[in-house]
*Asks:* 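Please see the structure below; I have some questions.
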Amino acid sequence: MTDIKELLLSRIRDVADYPKPGVVFKDITPLLADPAAFTALTDALAELCVRHGATKVVGLEARGFILGAPVAVRAGLGFIPVRKAGKLPGATLAQSYHLEYGSAEIEVHAEDLSADDRVMVIDDVLATGGTAEAALHLIRRAGAQVAGVAVLMELGFLPGRDRLEPALQGAPYEPLLVV
């Protein structure tokens, strides 16, 4: 696992002062552009889905779609997008959550999940944990079970893990990298 961590870290670029002064943005586009690194990431996340008995993968808008869809294909699972409010047609379930400065809402097509499903949430980054926490509530409200949460990287200097922990209710949390 050390080799894959080194590979992934070597393909994540720090961008200073983006999106605002004082912030160091972790840019994963070089990782996505490298077929070996992207394949290694996809394989590692797919293995976690299989290990935790997932039957579906939820990808969180927007980079969770980029990671989650190939992970679902690699693991032989269905993919369910969790989108910002108003982006999905038809009947949806919505979950509001609080952000540092305001609130947001995410939605899922309820008919895409059932009581037989064990859902792995995939995203690129765990920062403050609000979106992942809301996704777990949404999955359970749809009647499905949570298989776990897997992310490419956790920003360890932010409180995301602490916020996410109660919502996991014992389900595994698997960051590939903690930066």
Side-chain angles (χ1 to χ4, degrees), residues 8 26 28 31-32 38-99 103-155 158 160-178:
L8 298 176
K26 298 293 188 183
I28 68 166
L31 188 156
L32 300 174
F38 194 16
T39 298
L41 172 61
T42 301
D43 288 348
L45 292 172
E47 191 277 324
L48 291 173
C49 291
V50 171
R51 182 186 324 153
H52 296 301
T55 61
K56 298 258 175 82
V57 171
V58 153
L60 303 181
E61 189 164 336
R63 289 180 297 230
F65 297 173
I66 296 168
L67 302 184
V71 165
V73 170
R74 182 64 53 108
L77 307 174
F79 176 76
I80 311 296
V82 168
R83 306 243 18 219
K84 294 174 183 170
K87 300 287 185 180
L88 290 172
T92 61
L93 282 178
Q95 181 70 44
S96 295
Y97 61 101
H98 295 290
L99 301 167
S103 64
E105 189 174 54
I106 55 174
E107 295 179 332
V108 68
H109 281 136
E111 71 271 8
D112 291 341
L113 297 171
S114 73
D116 294 332
D117 285 320
R118 289 184 43 80
V119 181
M120 180 66 81
V121 175
I122 301 286
D123 206 1
D124 65 329
V125 174
L126 182 76
T128 61
T131 308
E133 175 190 40
L136 297 181
H137 293 305
L138 198 55
I139 290 163
R140 289 188 179 106
R141 284 186 45 229
Q145 304 164 55
V146 173
V149 174
V151 297
L152 165 58
M153 71 183 122
E154 173 186 338
L155 302 181
L158 292 175
R161 183 184 293 244
D162 292 338
R163 181 174 183 173
L164 186 60
E165 190 67 35
L168 286 167
Q169 297 178 11
Y173 166 59
E174 302 268 8
L176 296 181
L177 305 170
V178 178

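As a basis for the values below, the full set of heavy atoms in this structure was taken, side chains included, without hydrogen atoms, waters or symmetry mates. Counting from 1, the numbers follow the sequence of the chain as shown.
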*Asks:* Should K26 and L155 count as side-chain neighbours, where that means a heavy-atom distance under 4.5 Å?
*Replies:*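 Of all side-chain heavy-atom pairs linking L155 with K26, at least one is under 4.5 Å.
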
*Asks:* In Å, rounded to the nearest 0.5 Å, how long is the span from CZ of F65 to CD1 of I80?
*Replies:* 11.0 Å

*Asks:* What closest approach, in Å, do A150 and L45 show between heavy atoms, and which atom pair accounts for it?
*Replies:* CB-CD2, 3.8 Å

*Asks:* I'd like to check L164 versus L126 (side-chain heavy atoms, cut-off strictly below 4.5 Å). Are they in contact?
*Replies:*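 Side chain of L164 against side chain of L126, heavy atoms only: contact under 4.5 Å found.
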
*Asks:* For the CG atom of L176 and the CE atom of M153, what is their distance to the nearest 0.5 Å?
*Replies:*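 The CE atom of M153 is 10.5 Å from CG of L176, to the nearest 0.5 Å.
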
*Asks:* Which salt bridge (charged side-chain N to carboxylate O under 4.0 Å, His left out) pairs, counting each pair once, include a residue from residues 117-141, with sequence neighbours left out?
*Replies:* K56-D117, R63-D124, E133-R163

*Asks:* Counting C-beta onward and ignoring hydrogens, is there a side-chain heavy-atom pair between L67 and L32 closer than 4.5 Å?
*Replies:*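 A side-chain contact exists here, since the closest heavy-atom pair is under 4.5 Å.
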
*Asks:* Does a side-chain heavy-atom distance below 4.5 Å link L136 with V121?
*Replies:* yes

*Asks:* Would you call E154 and R161 a salt bridge, taking side-chain N to carboxylate O under 4.0 Å as the test?
*Replies:* yes

*Asks:* Restricting to non-hydrogen atoms, name the atom on I122 and the atom on C49 that form the minimum distance, rounded to 0.1 Å.
*Replies:*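 Closest approach of I122 to C49: CD1-SG, 4.2 Å.
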
*Asks:* Can you name the closest pair of heavy atoms from A94 and L138 and give their distance?
*Replies:*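 Closest approach of A94 to L138: C-CD1, 3.7 Å.
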
*Asks:* Are the side chain of E61 and the backbone N or O of P81 linked by a donor-acceptor pair below 3.5 Å?
*Replies:*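 No.
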
*Asks:* Side chain to side chain contact (heavy atoms under 4.5 Å, CB included) between V149 and L168: does it pass, once the steps are laid out?
*Replies:* CA-CA 8 Å; V149 174; L168 286 167; 3.8 Å; yes

*Asks:* Could you check L152 against V125 for side chain to side chain contact (heavy atoms under 4.5 Å, CB included), going step by step and ending with a plain yes or no?
*Replies:* CA-CA 6 Å; L152 165 58; V125 174; over 6 Å; no

*Asks:* If I compare all heavy atoms of Q95 with all of A134, which pair ends up nearest, and what's the gap?
*Replies:* CG-O, 3.5 Å

*Asks:* For residues L93 and A142, report the shortest heavy-atom separation together with the two atoms involved.
*Replies:*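 Result for this residue pair: CD1-CA, 3.6 Å.
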
*Asks:* Any chance you could measure H109, atom NE2, to R83, atom CZ, to the nearest 0.5 Å?
*Replies:*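 Going from NE2 on H109 over to CZ on R83, the span is 10.0 Å.
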
*Asks:* Looking at CG of D112 and OG1 of T92, how far apart are the two atoms once the value is rounded to the nearest 0.5 Å?
*Replies:* 11.0 Å

*Asks:* Going through the checks in order, is the side chain to side chain contact (heavy atoms under 4.5 Å, CB included) test met by V71 and F79?
*Replies:* CA-CA 9 Å; V71 165; F79 176 76; over 6 Å; no

*Asks:* With a 4.5 Å limit on heavy-atom distance, are the side chains of V73 and T42 in contact?
*Replies:*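 V73 vs T42: side chains apart.
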
*Asks:* Quick one: pull up CD in E174 and CZ in R51 and give me the separation to the nearest 0.5 Å.
*Replies:*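 Reported to 0.5 Å precision, the distance equals 5.5 Å.
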
*Asks:* Just wondering, do L41 and L31 contact through their side chains at under 4.5 Å, heavy atoms?
*Replies:*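 L31 vs L41: side chains touch.
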
*Asks:* Which heavy atom of A127 sits nearest to which heavy atom of L158, and what is that distance?
*Replies:* O-CB, 3.6 Å

